[in-house]
K.L.:
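Have a look at the structure that comes next, please.
What's counted below: heavy atoms across the whole structure, side chains too, no hydrogens, waters or symmetry copies. Letters A, B, ... mirror the listed sequences (proteins, then strands); counts begin at 1.
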Amino acid sequence: MKVGYPCINRSLECRGNKTFRLKSYSEDRLIETVQNNLDCLRRMLKYNIEHEMYFFRITSDLVPFASHEVNDYSWQSHFKDEFKKIGKLIRKNDIRISMHPDQFIVLNSKKEDVVENSVEELRYHADVLDLFNLDSTAKIQLHVGGVYGDKSKSKERFVERFQKLDEKIKRRLVIENDDTSYTLKDCLDIHQNCGVPVLFDDLHHRVNSSEESLEEALQKTKRTWSEKDGIPMVDYSSQDPKEQEGKHAETIDKNDFKDFIERSRPHEFDLMLEIKDKEKSALKAVKILSDDERFYSL
DNA sequence: TCACGTCAAGCAGAT
DNA sequence: ATCTGCTTGACGTGA
């Protein structure tokens, strides 16, 4: 099991998700920002390697306005070598990579332009992973999208749109159960119809559940990941005790985490910790797991 | 230097 | 109707 955290390392000065306002767009500003973001990404990856965290989610803000019409600059070729170098670092250390396009990407939208923009944004994500020269175990995780008052029609629309995607995108796309609309069962249904792997989100499943036990959920999602997809990815977060259901905790709840690990045996997966204090909780999780392994190997 | 209004994009649910 | 949250606040104007 590899453990990771999303996008930002709060212990480092460096932020790899720098962006700017559309109004202040310029080619120079773009180049400068992407350079910064790639430098910081490299530093975060090195930090992760030093701390035995081998799963990382790369921010969608790596290239600002990547799929926006204002950006007609060929950042892909300008930063080609830079990407190649970082990709080498990732592959050499066998780091698992995911990306998570944000909420505006809605493949099953009823609006044509929203779909078109979404596909372009997915293409950007696939471009990034391709430029790193990563195989199809590097994934782009997406929520199913809107319901529009008719979930079964909206699920069908997702399947149709998925099938039309370029192979370049399709090979990397996975869907994740969300906290309001599409449950694990909905995602498994969609998998049945188009083969897209299902990424299990534990906290979303607690808040918006189709009633599977953790054991069952892990077993069922595992079957949706083929050899070329790699072992499943799973999202985990502790519930914030002070906030309403579904809110991510400020820091990891060690007992809840131990319990989760205990109950998830013997399933194999890579674990993304969606917790506000990021690498700090990931470090604690790595420690718990390594202590645990020692205990179990005695 | 700092406060704070605003930022490309969608949707659901709460208020 | 308007606001908030979402994987993550941070940009940038004005005082």
K.L.:
So which heavy atom on Arg172(A) is nearest to which on Ala126(A), and how close?
P.N.:
NE-O, 4.2 Å
K.L.:
What distance, rounded to whole Å, do you find between the two C1' atoms, one in dG10(B) and one in dC11(C)?
P.N.:
22 Å
K.L.:
Would you please name every residue forming a salt bridge (charged side-chain N to carboxylate O under 4.0 Å, His left out) with Lys220(A), sequence neighbours left out?
P.N.:
Glu216(A)
K.L.:
Check the phosphate of dC11(B) against Ser109(A), side-chain N and O only, distance under 4.0 Å to OP1 or OP2. Yes or no?
P.N.:
yes
K.L.:
So, Glu32(A) and Asn36(A): side-chain donor and acceptor under 3.5 Å apart, yes or no?
P.N.:
no
K.L.:
Using the ring of Phe269(A) (Phe, Tyr or Trp, six-membered ring only), decide whether Lys222(A) places NZ or CZ under 6.0 Å from its centre and within 45 degrees of its axis.
P.N.:
no
K.L.:
Between Phe200(A) and His205(A), does the ring centre distance come in under 6.0 Å?
P.N.:
yes
K.L.:
If you take any heavy atom closer than 4.0 Å to DNA chain B, which residues from residues 152-160 of chain A end up in contact?
P.N.:
none
K.L.:
Could you tell me how far apart Phe65(A) (CZ) and dA10(C) (P) are, to the nearest whole angstrom?
P.N.:
15 Å
K.L.:
Determine the interatomic distance between P on dT7(C) and the same-named atom on dC7(B); round to the nearest Å.
P.N.:
23 Å
K.L.:
Of all the nucleotides listed (dT7(C), dT8(C), dA12(B)), which has the minimum atom distance to the side chain of Ser181(A)?
P.N.:
dA12(B)
K.L.:
Rounded to whole Å, please give me the gap between CD1 in Ile105(A) and C1' in dA9(B).
P.N.:
7 Å
K.L.:
Can you tell me how far C1' of dC6(C) sits from CG of Leu203(A), to the nearest Å?
P.N.:
12 Å
K.L.:
Any salt bridge linking Lys139(A) with Asp229(A)? Criterion: basic side-chain nitrogen under 4.0 Å from a carboxylate oxygen.
P.N.:
yes
K.L.:
Can you tell me the distance, in whole Å, between the CD atom of Glu121(A) and the P atom of dG10(B)?
P.N.:
12 Å
K.L.:
Touch check for Asp102(A), heavy atoms < 4.0 angstrom, all strands: base, sugar-phosphate only, or nothing?
P.N.:
base
K.L.:
So with a 6.0 Å cut-off around CD of Glu167(A), is the heavy-atom count from everything else above 12?
P.N.:
yes
K.L.:
With a cut-off of less than 4.0 Å, is there a side-chain N or O of Arg15(A) near OP1 or OP2 of dA10(C)?
P.N.:
yes
K.L.:
May I ask whether Phe104(A) stacks on the base of dA9(B), given the cut-offs of 5.5 Å between ring centres and 30° between planes?
P.N.:
yes
K.L.:
Any strand is fair game: report the nucleotide pairing with dT7(C) by Watson-Crick or G-U wobble, both distances under 3.5 Å, or none.
P.N.:
none
K.L.:
Going by modelled atom types, is there a donor-acceptor pair between the base of dT6(B) and the side chain of Arg21(A) at under 3.5 Å?
P.N.:
yes
K.L.:
Over how many whole Å does the gap from Lys110(A) atom NZ to dA12(B) atom P extend?
P.N.:
10 Å
K.L.:
Give one of base, sugar-phosphate or nothing for Ser118(A), where a contact means two heavy atoms less than 4.0 Å apart.
P.N.:
nothing
K.L.:
Would you classify Pro101(A) as touching base, sugar-phosphate or nothing, given that sugar-phosphate means primed atoms plus P, OP1 and OP2, and contacts are heavy atoms under 4.0 Å?
P.N.:
base
K.L.:
Please tell me if Lys23(A) has a side-chain N or O lying less than 4.0 Å from either OP1 or OP2 of dT13(C).
P.N.:
no
K.L.:
Taking dT8(C) as the reference, what is the distance to dC3(C) when you measure between their P atoms (whole Å, please)?
P.N.:
22 Å
K.L.:
How far, in whole Å, is dT4(C) from dG5(B) if one measures between their P atoms?
P.N.:
12 Å
K.L.:
Distance check needed: dA9(B) P versus Glu116(A) CD, whole Å only.
P.N.:
17 Å
K.L.:
Testing the 3.5 Å rule here: is there a donor-acceptor pair between the side chains of Ser154(A) and Asn108(A)?
P.N.:
no
K.L.:
Using the six-membered ring wherever Trp is involved, compare the ring planes of Phe162(A) and Phe158(A) and label them parallel, tilted or perpendicular (cut-offs 30° and 60°).
P.N.:
parallel
K.L.:
When you get a sec, tell me which of dG12(C), dT7(C), dA9(B) is the closest nucleotide to the side chain of Phe20(A)?
P.N.:
dG12(C)
K.L.:
ring-ring contact (aromatic ring centres under 6.0 Å, His included) with Tyr236(A): which of Phe55(A), Phe260(A), Tyr5(A)?
P.N.:
Phe260(A)
K.L.:
Could you say whether Pro6(A) or Lys18(A) is positioned toward the 5' end of DNA chain C, judged by the nucleotide with the nearest heavy atom to each?
P.N.:
Pro6(A)
K.L.:
Heavy atoms under 4.0 Å, any strand shown: does Thr19(A) hit a base, just sugar-phosphate, or nothing?
P.N.:
sugar-phosphate
K.L.:
Parallel, tilted or perpendicular: which describes the rings of Tyr25(A) and Phe20(A), with under 30° parallel and over 60° perpendicular?
P.N.:
tilted
K.L.:
When the P atoms of dA8(B) and dT13(C) are considered, how many whole Å apart are they?
P.N.:
12 Å
K.L.:
How close or far is atom C1' of dT8(C) from atom CE of Met99(A), stated in whole angstroms?
P.N.:
13 Å
K.L.:
For a quick check of understanding: with a heavy-atom distance under 4.0 Å over all strands, which category does Asn117(A) fall into, base, sugar-phosphate or nothing?
P.N.:
nothing
K.L.:
So what does Val70(A) touch, heavy atoms closer than 4.0 Å: a base, only the sugar-phosphate, or nothing?
P.N.:
nothing
K.L.:
For Tyr148(A), which contact category applies under a 4.0 Å heavy-atom criterion: base, sugar-phosphate, or nothing?
P.N.:
sugar-phosphate
K.L.:
What are the residues of residues 27-53 of chain A, sorted by number, that bring a heavy atom to within less than 4.0 Å of DNA chain B?
P.N.:
none
K.L.:
Taking only side-chain nitrogens and oxygens of Lys276(A), does any of them come within less than 4.0 Å of OP1 or OP2 of dT8(C)?
P.N.:
yes
K.L.:
Across all strands, who's sitting opposite dG14(C) as a Watson-Crick or G-U wobble pair, both distances under 3.5 Å?
P.N.:
dC2(B)
K.L.:
Once you round it to whole Å, what is the distance between P of dC11(B) and CG of Asp113(A)?
P.N.:
10 Å
K.L.:
Taking only N and O in the side chain of His204(A), is any of them less than 4.0 Å away from OP1 or OP2 of dC6(C)?
P.N.:
no
K.L.:
Please name the pair of heavy atoms, one in Ile275(A) and one in Ser281(A), separated by the smallest distance, quoted to 0.1 Å.
P.N.:
CG2-OG, 3.5 Å
K.L.:
In Watson-Crick or G-U wobble terms, both distances under 3.5 Å, what is the partner of dA8(B)?
P.N.:
none
